[in-house]
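So that the names make sense, note that chain A is the first sequence line, chain B the second, and so on, each numbered from 1.
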Amino acid sequence: MGNYTVAVIDFETTGLSPQCGDRTIEVGAVLVTHNQIVDRFQSLMNPKMTLSSFIEDYTGITNSMLTKAPDISSVMKKLKSFIAKYPLVAHNASFDARFLDAEFKRINQIRTNEFACSMLIARRLYQDAPNHKLETLVRYKRLTTDGVHHRALADAEMAAHLWIRMIADIKRDYSQSTVPFRVMQQLAMMQKKKVQDYLTTTP
DNA sequence: TGCCAGGCCCTCTTTAGGGCCTT
């Protein structure tokens, strides 16, 4: 893979939309350099609101776990320092970008990092997969996993393994020596039928 | 007042609708 670093990030939240008042309750992030996870960041956060039983069941994160957790603002400051200026990757990035931007806004910060979506790229590269949920793709590509799902660090690590695998597959299938972040971003935006031509002709 | 996501992507398409993906 390229000799650049990306930060793969995942949030657990109280719901689907920061616009509707939902907040982050856990973040996991890993740095990927040279095909490997080289650093990890994880923290629960206290959203100062009660989790629905759906979210408790879905994530395994309970209300009592969060009463002892640090404030969202203090975790966001540490997260900002961890991700620095690295390009960001998430599975269904529009979801994580919305929450990251909303929480940064509350501490008067602005994200300047670029974002790429592993789900949009996987839809183009792995058109035969049963579906493109993170969990399914991990099974489909037989990626390393500890079996934990819907927790932030475990999901960030799985998305990182998927990212590494997608770059390896592009290099192998299209004889590319490097796959710049810009190429991955481009893939996420293009028509499925044009992907092969694009990768074949990209120098 | 009451309701409440949103962006991508396919197709029975573009003067639209519905499934996928994230929690």
Provide the distance between the two C1' atoms, one in B:dT11 and one in B:dC3, to the nearest whole Å. 29 Å

What are the two closest non-hydrogen atoms of A:Ala29 and A:Leu153, and how far apart are they? O-CD1, 4.0 Å

Which value, in whole Å, describes the distance between the C1' atoms of nucleotides B:dT13 and B:dG18? 12 Å

Look at A:Arg151 together with A:Asp10 and state whether they make a salt bridge at an N to O cut-off of under 4.0 Å. no

Measuring only the P atom in each nucleotide, how far is B:dG19 from B:dT15? A whole number of Å is fine. 22 Å

Pairwise C1' distance, B:dT14 and B:dC9 [rounded to whole Å]: 14 Å

Base, sugar-phosphate alone, or nothing: which one does A:Asp57 contact when heavy atoms must sit under 4.0 Å apart? nothing

Going by an N to O cut-off under 4.0 Å, is there a salt bridge joining A:Lys194 and A:Asp197? no

Quick one: are A:Glu114 and A:Arg182 in side-chain contact, heavy atoms under 4.5 Å? no

Is it the case that A:His150 and A:Thr59 place a side-chain donor and acceptor less than 3.5 Å from each other? no

Identify, between A:His91 and A:Lys192, the residue whose nearest nucleotide on DNA chain B lies closer to the 5' end. A:Lys192

Pairwise C1' distance, B:dA5 and B:dT23 [rounded to whole Å]: 11 Å

Side chains of A:Thr24 and A:Met76 in contact at under 4.5 Å (non-hydrogen atoms): yes

Can you pull out the residues from residues 115-137 of chain A that lie within a 4.0 Å heavy-atom distance of DNA chain B? A:Met119, A:Leu120, A:Arg123, A:Arg124, A:Asn131, A:His132, A:Lys133, A:Leu134

Using a heavy-atom cut-off of under 4.0 Å over every strand shown, decide if A:Phe99 touches base, sugar-phosphate, or nothing. nothing

What range of DNA chain B does chain A touch, first nucleotide to last, counting atoms under 4.0 Å from its heavy atoms? B:dA5 to B:dT23

Under 4.5 Å between any side-chain heavy atoms of A:Ile167 and A:Gln176, yes or no? no

Looking at every strand, decide which applies to A:Asp10 at a 4.0 Å heavy-atom threshold: base, sugar-phosphate, or nothing. sugar-phosphate

In plain terms, say whether A:Lys105 and A:Asp101 are close enough for a salt bridge, that is, a side-chain N and a carboxylate O under 4.0 Å apart. no

Do A:Thr14 and A:Asp22 have side-chain N/O donor and acceptor atoms under 3.5 Å apart? yes

